[in-house]
Each structure stands twice: as structure tokens, then as C-alpha cells.
Amino acid sequence: MTSPSADTDLVTLRDVNFGYSRRPVLRGVDLSVPKGKVVAIMGGSGSGKTTILRLIGGQLRAQTGEVRVAGADIAQLDSNGLFRMRRRMGMLFQFGALFTDISVYDNVAFPLREHTSLPDEIINDLVIMKLEAVGLRGAARMRPAELSGGMARRVALARTIALDPMLIMYDEPFAGLDPISLAVIGDLIRRLNDALGATSIIVTHDVFESMKIVDHIYFVADGRIVAQGAPGELRGSSVPFVHQFLNGETDGPVPFHYPAASFQSELMEAAHG
Amino acid sequence: MNRSTIDLWVGIFVALGLGAIVFLSMKVGNLVSFKGDEGYHLEAQFDNIGGLKVRAPVKSAGVVVGRVAQIKLDPKTYEAVAVLNIEPSYKFSKDTIGSILTSGLLGEQYVSLDPGGDTTYLKDGDRLAKTQSAVVLEKLLSQFLFNKAAEGGDKK
Amino acid sequence: MDEVARLLRRLGAGVIDRIWRLGYASRFMAMVLRDSTMAFRRFSLTMRELYFAGVLSLVIVGVSGLFVGMVLALQGFETLQNFGAAEAVGVLVATSLVKELGPVVAGLLFASRAGSAITAEIGLMKTTEQLSAMEMMAVNPIARVVAPRFWAGVISMPLLAAIFSVMGVFGGWIVAVKLLGVDNGTFWSQMQAQIDFRLGIVNGIIKSAVFGVAITAIAVFEGYDAPPTAEGVASATTRTVVASALAVLALDFVLTVFMFRGTGL
């Protein structure tokens with residue numbers, strides 16, 4: 001299963017536990033992401049997938065366990081260290097999270113203006129290059145409100161890669177897109193990862209699109225990793241949850257019925273009550 | 001909305017606001033009145049200062065020439081002493097009389113200075129020779145009633 | 001008995017919740033102050049917020065001030081005439097405005113117009129994950145989004161209160177001198193004689209500055225703390241207006257006691 005040694009992994013989670021006061025979200029999660037690979041984290045809604053991304057990005061802190069990025073323990077970093085770490089990461093949020101009060105161009109230029117003191121001409125070149133990479137150079141002067149969902153997400157992707165990050169994280173990049181946009185995004189994720197020599201983590205429940213582009217998949221259910229492997233391996237997996245998930249079965253480890261008293265008893269109550 | 005339009009409007013806004021503050025200070029308040037630091041001090045002793053307050057005006061012939069800087073009680077004579085701050089350009093003779101008058105019927109009380117004919121002038125720290133205390137309404141009334149009662153008694 | 005116990009328990013929980021929230025808000029405001037250097041070093045950020053909070057409030061503040069001044073003159077004239085003191089209408093209008101109505105009413109108007117807008121804007125940015133995205137791009141959202149709005153509000157309030165007062169005096173002048181026939185010279189001279197710069201105007205400025213801090217602090221906090229849903233942002237906006245209004249009136253009382261207590265008024 002997972003064998004890679006520490007120095008070929010960009011991100012590792014070791015025995016991570018995280019939860020809110022009454023609700024455990026992640027229990028004993030072990031996960032590693034090798035450098036240069038595209039890894040998917042799949043699971044049902046609310047399974048804790050996005051929490052993993054937030055732990056890696058340092059927005060949340062694990063109660064126990066260790067989260068390492070490029071060898072550094074995220075929890076141990078001071079604000080300066082976290083600042084430097086985040087400059088090497090990019091995160092694409094679910095609906096883009098573009099800044100609605102400025103143009104597409106200014107959105108992509110934002111990280112460049114904030115973190116570098118490059119002159120305007122160079123920033124201009126960089127912004128145009130990034131927009132070209134996602135195919136939206138012509139939309140540079142538009143505002144986020146004028147963009148379609150797919151376009152907004154591509155602009156956000158251009159913004160995410162503005163500083164050529166070593167790690168790119170995607171939170172549900174395929175959610176709510178039409179088939180063409182789905183294909184475009186999937187294609188961009190893979191191509192950009194390889195072109196930039198970066199490592200990508202995709203949190204998704206879109207089986208079809210992600211299987212096309214990822215190298216490795218982790219399945220999360222009930223706060224734990226229940227299965228992992230390359231797409232081909234998992235298709236034939238005997239783990240019930242994986243089987244139900246990949247084949248889209250309506251009932252299985254994740255039940256159809258929300259827990260309730262027996263149907264018969266409730267009907268009887270209504271009749272006699 | 002580009003940068004320079006915003007700058008323009010913000011500039012106008014701040015200018016209007018500061019202008020409003022200046023307007024209020026000058027035309028509505030009384031900032032133009034003199035600063036008390038440059039004046040010279042005179043003392044005036046009164047039996048009763050009535051309703052005279054610190055910062056009340058000191059007038060001569062109706063013109064504001066200074067402000068009351070301090071009011072204290074002389075511990076030996078138990079009389080009120082008012083320290084007056086007078087504008088340096090105004091000089092008053094040594095026999096100036098200081099009275100406490102009321103502006104209007106129910107208005108605020110102020111100190112009025114009536115200069116005499118003496119050729120020497122009061123200097124910083126001098127005390128006024130003669131003063132007239134404030135008219136206290138209650139005392140006036142009681143005196144009036146007393147006189148009336150005495151008159152009535154005599155007539156009998 | 002059970003009902004009473006339950007009621008008391010809910011009351012207690014509510015009080016503890018409020019106190020906890022107040023502590024959280026104070027910590028948040030401390031962070032805003034600490035992260036304020038960017039708001040001043042890159043002043044264009046604050047300028048932009050000054051436009052949206054201050055400039056766009058000019059019309060409502062100016063027009064309201066005008067009307068308030070006019071009503072004050074109208075009402076005051078009636079009453080003052082009974083004492084034969086109709087010429088003091090200028091003093092009445094100016095004193096009420098500069099000391100009380102200017103800061104307070106301008107504050108209430110600012111809270112409803114600009115305060116609610118700030119809360120909605122920050123709340124919406126939170127809901128659409130823009131603040132989170134900024135954080136992940138290693139830009140401190142408090143320094144970049146919250147602090148400029150806070151300082152813009154603090155700077156705007158005294159200016160707006162002064163403008164309100166001036167428009168009010170002008171409105172009073174229109175009614176008193178032009179409509180009711182009060183002598184122009186008397187109108188202004190009485191005013192100048194009676195209003196002390198330090199007591200009236202400076203205190204008025206201090207009041208409006210304090211109100212500005214309170215209103216904008218409430219506005220940015222409610223926006224930042226709003227639950228990231230449509231209803232969450234909507235209720236946060238309402239809370240801003242209500243809480244700001246109460247804060248302004250309460251602070252007004254406290255400040256008035258301290259400022260005007262020793263003057264024998």
C-alpha cells in the first residue's frame with residue numbers, strides 16, 4: 001500500500017485526530033502525498049475531506065497527531081513561518097472565492113502585488129501568462145459577477161498558481177459544473193501540476209472526472225481512511241464503502257434510511273394515537 | 001470607480017468636514033476671543049460674588065476686556081476674591097471700581113470696571129481699591145420687607 | 001417550578017453567552033488595532049473605505065441636519081416667545097446641535113447607513129470564502145479588510161457630525177431669520193456670546209469620535225463574526241444597527257454627565 005519514504009512525500013499526516021467539542025471529525029488519519037503527484041481525497045459530504053485541507057493549510061490545528069508539509073510541522077510554525085509556508089501553497093476554493101469588488105486582472109495580480117515588489121510591467125506579463133494558461137486572457141477586464149461558474153473557477157485557478165506554488169489544493173473543483181467545464185478543469189489540474197512541477201491534492205466526490213487525472217486516491221468515511229490506492233486498483237476493491245461509492249449504489253455501508261424507529265411501529269402509533 | 005475619482009471625493013468630504021468644524025469654532029463658538037495667557041492679573045475683593053462664575057466676562061463700558069480667571073475665598077477676612085485676567089492692551093486707573101452686574105434680568109453675571117481719574121495705572125497683581133458686590137435677590141427682598149414692616153410699625 | 005427553573009437556566013445561559021461574546025469582541029478589536037499599520041501605510045485602502053462610509057453618507061447627514069435645524073428653530077421659537085426671549089433661538093438651535101443632536105443623530109444615521117453596509121460587506125466576504133482565500137494567500141484579512149474600514153469610520157464620524165451641525169444651524173437660520181423674522185445680527189451674536197468653544201464644540205467633537213469608534217467597532221465585529229449564511233449576514237446587519245443605536249445613546253449619557261456636570265448648567 002503506502003510505502004514512500006519521508007523525503008519523497010510533500011505532505012504527510014500521521015495519526016491526526018480533529019473534532020469540535022462534541023463531534024469528532026477525523027480519527028487517526030494517516031495520509032501521505034508524494035511530490036509531483038495528483039492525489040484525490042474522496043468521501044461523502046461531511047466526511048471530513050475539507051477539514052484535511054484546512055489542517056494542511058494551517059487554518060485548523062489538529063488535537064493530536066502531526067501534519068507535515070515539506071518537512072515542516074505545521075502546528076509548530078509561528079505566524080512568520082506560516083506566512084512563508086502559505087506563500088508556497090495555493091488553494092482553490094469551492095466556488096472560486098474571487099474578490100468581487102475588483103476585476104479578473106486585479107484578482108490574479110493580487111498575490112503578486114501583495115507578496116512581491118515586482119514592477120507593473122512584469123506583473124502584467126505574469127498575469128497575462130497565468131490567464132493564458134487557463135484560457136481566459138480575453139476576460140481580463142471583466143468583473144467576477146459577469147463570469148459563469150466555470151470561468152470564475154478558472155480565474156481563481158489562475159490566481160492560485162500566480163506565485164507558482166509547490167502545493168496546490170482543490171476544494172471540490174468539479175462541483176456544479178457542466179460537462180465541458182468539468183473536462184476543462186480536470187485537464188487544467190493535471191497539465192498545470194505537471195507543467196509547474198507541483199503537487200496537487202483534490203478533495204472531491206466526483207468519481208468520473210477525478211479518476212481520469214489522479215495518481216492516487218484516499219477514501220474517507222466516518223473520519224477514517226477506509227481505502228486507498230491507484231484508480232485502477234480501487235475499481236476492483238472489495239471494501240464495501242469503496243464499492244458503494246464508486247458504483248453509485250443507493251444502499252450499503254452508507255444507508256439509505258436515516259436512523260429512526262421501525263416503520264411498522266410508527267404506523268401503529270398513528271393508528272392508535 | 002477608479003482611484004482618482006475616489007481620491008477627489010474623499011478630499012472634498014474631508015475638506016467639508018474640517019471646514020464645518022472651523023465654521024462652528026469661529027462663527028458659532030467663540031474661538032476668536034483672546035487667549036487668557038497673555039493678559040495681566042488684577043484682584044478684586046467682594047462681600048458676595050453672587051452667581052459670578054469662572055470664565056465670566058469682564059467688561060468696561062459694555063466691551064469685553066477680560067475674563068474671570070479664578071474665584072477664591074480669603075481665609076482671613078472670609079470675603080470673596082476674584083482674580084481677573086485683563087487683556088494687555090487695556091489699562092485701568094488705580095481708582096477703578098469693580099462691580100458685579102447681571103446682563104439682562106435673568107442673565108449671567110459679569111464684572112464691570114468703571115475707571116476713575118487717577119493718572120497711575122493698575123499693574124499685574126494689584127488689587128482694586130473699591131468694589132461693589134453682587135445684588136443678591138433674597139437679601140434685597142428681605143430688606144424691602146423689613147423696611148415695609150418698619151414703615152407700617154411707624155405709621156401706627 | 002420546573003418551568004421557572006428552565007426559564008432561569010435559559011436566562012443565565014443567555015447572560016453568559018453575551019459576556020463570552022463581549023470578551024471575544026474585545027479580543028477581536030485588540031487584533032484590529034494591532035494589525036492597523038497596513039491601514040495607514042497603504043492609505044489608499046482606507047481612502048476607499050472613507051469614500052464608501054463617509055462620502056456616501058454626506059447626503060443623508062446633510063439633509064437630515066437641515067431638517068432637524070429647521071424644526072428646532074420652529075419649535076424653539078414658539079416656546080421662547082412666551083418668555084420674551086425669541087432672539088435666543090439661535091443659541092437654542094446651535095447649542096442643541098453642537099452638544100447633542102449633531103453627534104447623536106449623525107451617529108444613528110451613520111450606523112444605519114454605513115455601519116450596516118460594512119457589516120453586510122464583511123459578512124458576505126466571509127460567506128463566499130473570500131476572507132479564507134485571503135488568509136490562504138498569506139494576506140491577513142483583518143489587516144487588509146477590517147482595519148481600513150474601522151479607521152475610515154472613526155475618521156468619518158466627527159466630520160459628519162460637524163457637517164450635520166452646520167447644516168442644522170443653517171436650517172435654523174433659514175427658519176428663524178428668513179421665515180420668522182428674527183434679526184440676523186442678533187441670531188449670530190447671541191450664539192457667539194453663549195457658546196463656549198471648549199465646552200460646546202470640542203466636547204461635541206469628542207463625543208462624535210467616541211461614537212465613531214463604537215459604531216464602527218460593532219459593525220466590523222458583527223460582519224466578521226456573522227454565520228456564513230444568507231440569514232446569518234442579514235441578522236448580523238440588523239444587530240449592528242440596533243447595538244450601535246443603543247451604544248450611541250448610552251455613551252451619550254455617560255459622556256454628557258462627565259462633560260457638562262461641573263458647569264452649573
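Here is the naming used below: chain letters follow the sequence lines, and residue numbers restart at 1 for every chain. What you see below is based on every heavy atom in this structure, not just the backbone, and it leaves out hydrogens, waters and symmetry mates.
- By a heavy-atom distance cut of under 4.5 Å, T128(C), E129(C), Q130(C), S132(C), A133(C), M134(C), E135(C), M136(C), M137(C), A138(C), V139(C), R144(C) are the residues of residues 127-154 of chain C near chain A, going up by number.
- Residue contact with chain C, scored on non-hydrogen atoms closer than 4.5 Å, involves the backbone of L98(A) exclusively.
- Within 6.0 Å of the CZ atom in R42(C), the count of heavy atoms belonging to other residues, nucleotides or ligands exceeds 12.
- Neither the backbone nor the side chain of T160(A) comes within less than 4.5 Å of any heavy atom of chain C.
- For D171(A), there are no salt bridge (Lys or Arg N to Asp or Glu O under 4.0 Å) partners two or more places apart in sequence or in a different chain.
- In this view, F83(A) and H115(A) satisfy the ring pair (Phe, Tyr, Trp, His ring centres under 6.0 Å) rule, not counting sequence neighbours.
- Residue contact with chain C, scored on non-hydrogen atoms closer than 4.5 Å, involves the side chain of R54(A) exclusively.
- Environment of CZ in F28(C): crowded, with over 12 heavy atoms of neighbouring residues, nucleotides or ligands closer than 6.0 Å.
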Enumerate, atom names and distances included, each donor-acceptor pair closer than 3.5 Å involving a side-chain atom of residues 117-130 of chain A, sequence neighbours excluded.
residue : atom : partner : partner atom : Å
N124(A) : OD1  : Y105(A) : OH           : 2.8
K130(A) : NZ   : I161(A) : O            : 3.3
K130(A) : NZ   : D164(A) : OD1          : 2.6

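- The neighbour count for F40(C) CZ, taken as heavy atoms of other residues, nucleotides or ligands under 6.0 Å away, is above 12.
- At a 4.5 Å heavy-atom cutoff, M85(A) makes no contact with chain C through either its backbone or its side chain.
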